[in-house]
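In what follows, a structure is listed as structure tokens, so that the remarks can point back to it.
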Amino acid sequence: MASDTEDDRLKKLAQYVIEKGPERIYYIPDFITKGEEEYLKDSVYKAPKPRWTQLQNRRLQNWGGVPHVKGMIAEALPTWLQSTVAKISDLGVFGDKKANHVLVNEYLSGQGIMPHLDGPLFYPTITTVNLGSHGVLNFYRPMEETSQENALTEDWAQRLEFSLLLEPRSLLILQETCYHHFLHGIEERSSDIITDKIFNVDQCQGVKFNDELSRETRISLTIRHVPKTTKPILRLGR
Ligand SMILES: O=C(O)CCC(=O)C(=O)O
Ligand SMILES: [Fe+2]
């Protein structure tokens with residue numbers, strides 16, 4: 001709740017820490033209801049077509065403005081995102097700030113995202129709401145920790161440190177080492193096998209080792225805070 005002190009908020013979150021992983025991972029199953037999930041999915045697909053950007057292996061919608069080194073020209077988030085975003089901000093995971101940016105990613109079965117870091121334009125907390133299908137997020141060691149030989153071949157499998165299973169309606173929160181150090185990505189596969197590399201299996205419903213989960217269309221909402229914002233410059237009289 002918004003009136004909680006920072007201490008209260010951290011205590012509430014503490015029950016969701018994934019202790020097995022590096023600092024700092026919180027995984028909250030069923031963060032939203034099935035009704036909220038349907039509403040968010042419907043709203044994503046109701047957005048005007050030009051809102052979509054088609055990439056090679058996924059498509060996305062950007063809400064809140066375009067993050068930029070010189071500052072993001074902030075735009076109000078659409079109404080349909082506001083209560084979910086407020087619920088996440090109220091967890092206190094952006095310090096005393098609120099999330100002001102949402103990236104919607106749609107992955108068809110077989111699609112994914114290359115390993116990457118989210119970089120310096122965001123407050124170093126990533127929160128992700130999962131809709132529609134499970135996903136498996138992989139975490140990779142950065143280049144300098146791998147041998148020269150591996151670095152040259154860019155062998156992602158060699159650099160895999162651990163993974164997380166993201167169930168529909170769950171919320172994932174990444175901070176600290178998981179924000180700054182390990183790269184994250186999603187493999188382009190149409191199914192995932194539950195192995196001991198998945199560190200949050202105990203927190204997931206009805207899955208056991210060696211299960212194979214087939215992927216359907218997954219939508220993720222990556223909800224973050226962009227600290228640097230600017231107002232649009234009005235050029236009057238031109
Ligand atoms: O879809 C996801 O869970 C990951 C998205 C992501 O890493 C990003 O948008 O930066
Ligand atoms: Fe990312």
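Excluded from the calculations below are hydrogen atoms, water molecules and symmetry mates; all remaining heavy atoms, backbone and side chain alike, are included. For clarity, every value in this text was computed on a predicted model and none was experimentally measured. In each ligand, atom 1 is the first atom listed, and ligand 1 is the first ligand listed.
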Show, in sequence, the C-alpha distance, side-chain angles and deciding distance for His101 and His225, and conclude whether the side chain to side chain donor-acceptor pair (under 3.5 Å) test is met. CA-CA 6 Å; His101 187 262; His225 173 71; over 6 Å; no
Looking at Lys208 and Asp211, is there a salt bridge between them, counting it only when a charged N and a carboxylate O are closer than 4.0 Å?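 Salt bridge present between Asp211 and Lys208.
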Salt bridge or not between Arg9 and Glu6? Use side-chain N to carboxylate O under 4.0 Å.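 Judged by the 4.0 Å cut-off on N to carboxylate O distance, Arg9 and Glu6 do not form a salt bridge.
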What atoms in ligand 1 come closer than 4.0 Å to a heavy atom of [X]?
{"X": "His184", "value": "7 (O)"}
{"X": "Asp118", "value": "10 (O)"}
{"X": "Arg218", "value": "1 (O), 2 (C), 3 (O)"}
{"X": "Leu103", "value": "9 (O)"}
{"X": "Asn105", "value": "5 (C), 9 (O)"}
{"X": "Thr128", "value": "3 (O)"}
{"X": "Thr222", "value": "5 (C), 9 (O)"}

What distance separates Leu171 CG from Asp30 CG, expressed to the nearest 0.5 Å?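 So the CG of Leu171 and the CG of Asp30 are separated by 11.5 Å.
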Record the part of Leu172 in heavy-atom contact with ligand 1 below 4.0 Å; permitted values are side chain, backbone, both and neither.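 For Leu172, there is no contact with ligand 1 at all, from either part.
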What residue among Glu176, Lys97, Arg24, Gln175 forms side-chain hydrogen bond (donor to acceptor under 3.5 Å, both in side chains) with Thr125?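 With Thr125 as partner, Glu176, Lys97, Arg24, Gln175 yield a single side-chain hydrogen bond (donor to acceptor under 3.5 Å, both in side chains), made by Gln175.
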Sort out for me which residue in Tyr16, Tyr27, Phe31 forms a side-chain contact (heavy atoms from CB on, under 4.5 Å) with Ser170.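 Option passing the side-chain contact (heavy atoms from CB on, under 4.5 Å) with Ser170: Tyr27.
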Can you find a side-chain donor-acceptor pair between Gln61 and Trp63 that sits under 3.5 Å?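 The criterion, which ignores hydrogens and geometry beyond distance, is satisfied for Trp63 and Gln61.
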Angle at the Fe ion (ligand 2) (to 10°), with one arm to NE2 of His116 and the other to NE2 of His184: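 With the Fe ion (ligand 2) as the vertex, NE2 (His184) and NE2 (His116) sit 90° apart.
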Of all the N, O or S atoms in Asp118, which has the shortest distance to the Fe ion (ligand 2)?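 This turns out to be OD1.
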Return the residue, atom name and 0.1 Å-rounded distance of the protein heavy atom closest to atom 8 (C) of ligand 1.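 Result: His116 NE2, 3.8 Å.
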Between Tyr107 and Glu188, is any pair of side-chain heavy atoms under 4.5 Å apart?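 Of all side-chain heavy-atom pairs linking Glu188 with Tyr107, none is under 4.5 Å.
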Compute the shortest N/O to N/O distance between Tyr107 and ligand 1 and return yes if it is under 3.5 Å, no if not.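 Right, the criterion is met.
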